[in-house]
Number of protein chains: 2
Amino acid sequence: MDAKTQALFEARAKIVKAMAHPTRLFIVDQLAGEQEKCVRELTELIGSDMSTVSKHLATLRSAGIVQDEKRGSQVYYRLRVPCVLNFFQCVESVIRSNIELQQQFVG
Amino acid sequence: MDAKTQALFEARAKIVKAMAHPTRLFIVDQLAGEQEKCVRELTELIGSDMSTVSKHLATLRSAGIVQDEKRGSQVYYRLRVPCVLNFFQCVESVIRSNIELQQQFVG
DNA sequence: TGGTCACTTGGCTAAACTACCAAGTGATGG
DNA sequence: CCATCACTTGGTAGTTTAGCCAAGTGACCA
């Protein structure tokens with residue numbers, strides 16, 4: 001794999017890695033349904049420390065998946081690229097396919 | 001986040017995590033173009049130790065993204081769910097969007 | 001049956017990731 | 001102003017991951 005190809009796939013991996021955590025997927029899912037949410041709202045939904053949520057959001061932001069906007073003392077986050085929802089559809093179809101495979105062994 | 005939701009997003013994250021590495025994204029890309037490849041072929045393309053490639057393939061297999069078939073002394077891998085290619089399209093559009101954003105700062 | 005190829009697995013170390021607490025910054029309300 | 005809320009950042013300990021080498025298995029060939 002030459003350096004250029006390497007760089008290309010590292011760039012792609014950065015985006016995918018930013019989604020590779022249950023909490024961050026949950027955040028994306030929430031933002032997909034609700035347009036925007038502030039850190040406190042997300043923190044309440046998730047149930048972990050606000051500092052943890054803030055760092056997850058920073059990860060998503062640095063990958064370009066979400067964008068933030070400060071309004072008053074709150075910071076609102078929203079999805080920057082709607083197609084990330086396709087991720088979910090595909091992930092779900094992998095999961096379904098896995099279940100079907102397992103049922104073949106059972107049946 | 002209740003236990004059920006937690007479990008759902010952990011299952012999804014497992015799939016996404018399996019793709020969250022440049023080498024594994026490269027493998028998926030290769031398998032998308034070529035139907036199937038054996039471990040040796042992939043190892044030559046990637047250029048790292050075969051044991052490393054084998055472990056990456058095991059990660060993808062355990063997530064249900066690829067399937068393997070042993071023929072003779074070789075093991076051939078192929079994509080199990082074609083939609084993973086949508087991942088790339090979306091990832092690319094995030095990257096494009098990031099570039100556009102950066103050009104706003106420059107321009 | 002001995003040697004080689006194709007592959008997987010175990011072991012190990014270095015690096016990356018995660019989550020919490022604690023501390024610091026800004027905006028808001030009394 | 002002072003307290004509080006909303007948020008980010010630094011520090012740190014525990015866990016996970018990645019890569020290589022070495023060793024083991026199975027297929028194939030001479």
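Below, chain A is the first sequence line, B the second, and so on; all start at residue 1. Given the structure is predicted, the values throughout are model-derived calculations rather than measurements.
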Can you check the [X] [atom1] to [N] [atom2] distance for me, whole Å?
X       : N      : atom1 : atom2 : result
B:Arg61 : C:dC7  : CZ    : C1'   : 11 Å
B:Lys70 : C:dT8  : NZ    : C1'   : 9 Å
B:Tyr76 : C:dT8  : OH    : P     : 13 Å
A:Ile27 : D:dC7  : CD1   : C1'   : 14 Å
B:Met19 : D:dA18 : CE    : P     : 14 Å
A:Asp49 : D:dC5  : CG    : P     : 15 Å
B:Lys37 : C:dC7  : NZ    : P     : 13 Å
A:Leu60 : C:dT18 : CG    : P     : 11 Å

Proximal nucleotide (of C:dA27, D:dT17, D:dT8) relative to the B:Lys17 side chain: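 The nucleotide sitting nearest to the side chain is D:dT17.
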Pair of N/O donor and acceptor under 3.5 Å linking C:dC21 base with A:Ser51 side chain: yes
Residue met sooner reading DNA chain D from 5', once A:Thr43 and B:Ser48 are mapped to nucleotides: A:Thr43
Residue mapping more 5' on DNA chain D - nearest nucleotide basis, B:Arg71 or B:Gly47: B:Gly47
Spacing of OG belonging to A:Ser54 relative to CZ belonging to A:Arg61, to within rounding of 0.5 Å: 7.5 Å
Nearest-0.5 Å distance that lies between atom CG in A:Leu42 and atom NE2 in A:His56: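 The NE2 atom of A:His56 is 11.5 Å from CG of A:Leu42, to the nearest 0.5 Å.
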Beyond-backbone contact of B:Arg12 with B:Leu8, side-chain heavy atoms, under 4.5 angstrom: yes
Mind listing the N/O atom pairs, protein and nucleotides 2-6 of chain C, below 3.5 Å?
| unit_1 | atom_1 | unit_2 | atom_2 | d |
| --- | --- | --- | --- | --- |
| C:dA6 | OP1 | B:Arg40 | NE | 3.1 |
| C:dA6 | O3' | B:Ser73 | O | 3.4 |

With respect to the phosphate group of [N], does any side-chain polar atom (N or O) of [X] fall under 4.0 Å of OP1 or OP2?
X       : N      : result
B:His56 : D:dT17 : no
A:Tyr77 : D:dA6  : no
A:Lys55 : C:dC20 : no
A:Thr52 : C:dC20 : yes

Carboxylate-amine/guanidinium contact A:Lys14 A:Glu10, below 4.0 Å: no
Aromatic ring pairing A:Phe87/B:Phe87, orientation class (parallel under 30°, perpendicular over 60°, tilted between):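 Answer is tilted, since the angle falls between 30° and 60°.
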Earlier contact from the 5' end, DNA chain C, for B:Val53 and A:Thr59: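 Final value for this comparison: B:Val53.
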NZ or CZ of B:Arg71 within 45° of B:Tyr76 ring axis and under 6.0 Å: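 The answer is yes; both the distance and angle limits are met.
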Between B:Gln104 and B:Glu100, a side-chain donor and acceptor under 3.5 Å: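 The answer is no; no qualifying pair exists.
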